[in-house]
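Positions are given from 1 along the sequence. Hydrogens, waters and symmetry mates are skipped; everything else that's a heavy atom, side chains included, is used.
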Amino acid sequence: MESVISLVDILKNELNWYANTIGYKSTAHLFCDEKSQKYVIVTVDDYDSPNLDKIAAMIMAHIEGDYIVIDGDNTDKPLYEGLMQAGIPREKIILAYAGERVPTSES
């Protein structure tokens with residue numbers, strides 16, 4: 001259970017960094033479902049932004065067992081790189097958006 005807690009803490013710390021470094025004419029909101037360990041950052045463009053998509057999911061991730069699963073990442077600095085810099089081994093990070101799957105005991 002200890003490894004899950006530290007995975008959550010590191011993931012939330014990295015997601016907070018993204019939520020607080022959003023670009024010009026937009027804001028970001030981090031939503032956390034602690035019970036199911038699911039996390040999403042939603043960006044909302046200002047009303048006068050030229051972007052057509054005013055609201056978009058920037059990053060979606062969740063914890064599954066001893067893995068951080070990144071469901072989607074629409075950033076120019078991929079979340080997995082920040083997680084690795086924070087000490088999470090690459091083999092504990094699953095890029096679901098790239099077709100990676102959480103290993104099973106049969107694998």
Side-chain angles (χ1 to χ4, degrees):
M1 189 60 146
E2 185 177 326
S3 65
V4 172
I5 292 169
S6 60
L7 285 177
V8 170
D9 291 341
I10 292 171
L11 176 59
K12 286 172 58 177
N13 185 56
E14 290 301 310
L15 291 174
N16 275 311
W17 180 85
Y18 283 92
N20 290 313
T21 58
I22 195 61
Y24 176 70
K25 290 196 173 226
S26 62
T27 57
H29 306 277
L30 173 59
F31 295 94
C32 304
D33 181 343
E34 300 295 348
K35 185 176 180 180
S36 63
Q37 297 181 317
K38 295 181 181 180
Y39 309 91
V40 63
I41 296 177
V42 175
T43 58
V44 181
D45 291 339
D46 292 346
Y47 71 93
D48 60 347
S49 171
N51 294 333
L52 297 176
D53 297 327
K54 299 291 185 196
I55 299 173
M58 183 167 80
I59 297 175
M60 294 179 66
H62 69 277
I63 303 292
E64 191 169 325
D66 290 334
Y67 298 92
I68 294 177
V69 179
I70 304 173
D71 302 296
D73 187 341
N74 295 314
T75 66
D76 57 359
K77 180 186 180 273
L79 175 59
Y80 79 90
E81 291 177 358
L83 293 170
M84 290 172 53
Q85 289 175 350
I88 303 296
R90 175 61 179 91
E91 57 271 7
K92 292 292 184 180
I93 303 168
I94 306 299
L95 306 180
Y97 63 87
E100 296 179 6
R101 303 276 183 240
V102 175
T104 62
S105 56
E106 296 93 44
S107 299

Nearest-0.5 Å distance that lies between atom [atom1] in [X] and atom [atom2] in [Y]:
X: Ile10; Y: Leu15; atom1: CD1; atom2: CG; value: 12.0 Å
X: Leu79; Y: Asp71; atom1: CG; atom2: CG; value: 10.5 Å
X: Tyr18; Y: Thr43; atom1: OH; atom2: OG1; value: 14.0 Å

Are the side chains of Ser6 and Ile88 in contact, using a 4.5 Å heavy-atom criterion? no
Quick one, Leu83 and Ile70 - any side-chain contact, counting heavy atoms below 4.5 Å? yes
Minimal non-hydrogen separation, [X] against [Y], with atom names:
X: Ala19; Y: Ala28; answer: O-CB, 3.6 Å
X: Glu91; Y: Tyr67; answer: O-CE2, 3.3 Å
X: Leu30; Y: Cys32; answer: CG-SG, 3.8 Å
X: Ala86; Y: Glu14; answer: CB-OE2, 3.8 Å

Could you check Ile63 against Ile68 for side-chain contact (heavy atoms from CB on, under 4.5 Å), going step by step and ending with a plain yes or no? CA-CA 5 Å; Ile63 303 292; Ile68 294 177; 3.6 Å; yes
Tell me, please, which residues at least two apart from Glu100 pass salt bridge (Lys or Arg N to Asp or Glu O under 4.0 Å). Arg90
Measure from the side-chain N and O atoms of Asn16 to the backbone N and O of Lys12, and report whether any donor-acceptor pair falls under 3.5 Å. yes
Given side-chain contact (heavy atoms from CB on, under 4.5 Å), test Val40 with Asp33 step by step and report yes or no. CA-CA 9 Å; Val40 63; Asp33 181 343; over 6 Å; no
Name of the residue among Ile59, Val69, Asp73 meeting side chain to side chain contact (heavy atoms under 4.5 Å, CB included) with Tyr97: Asp73
Taking atom NZ of Lys92 as the centre, does the number of heavy atoms from other residues, nucleotides or ligands within less than 6.0 Å exceed 12? yes
Between Glu34 and Tyr39, does a side-chain contact (heavy atoms from CB on, under 4.5 Å) hold up when you go through it step by step? CA-CA 8 Å; Glu34 300 295 348; Tyr39 309 91; 3.3 Å; yes
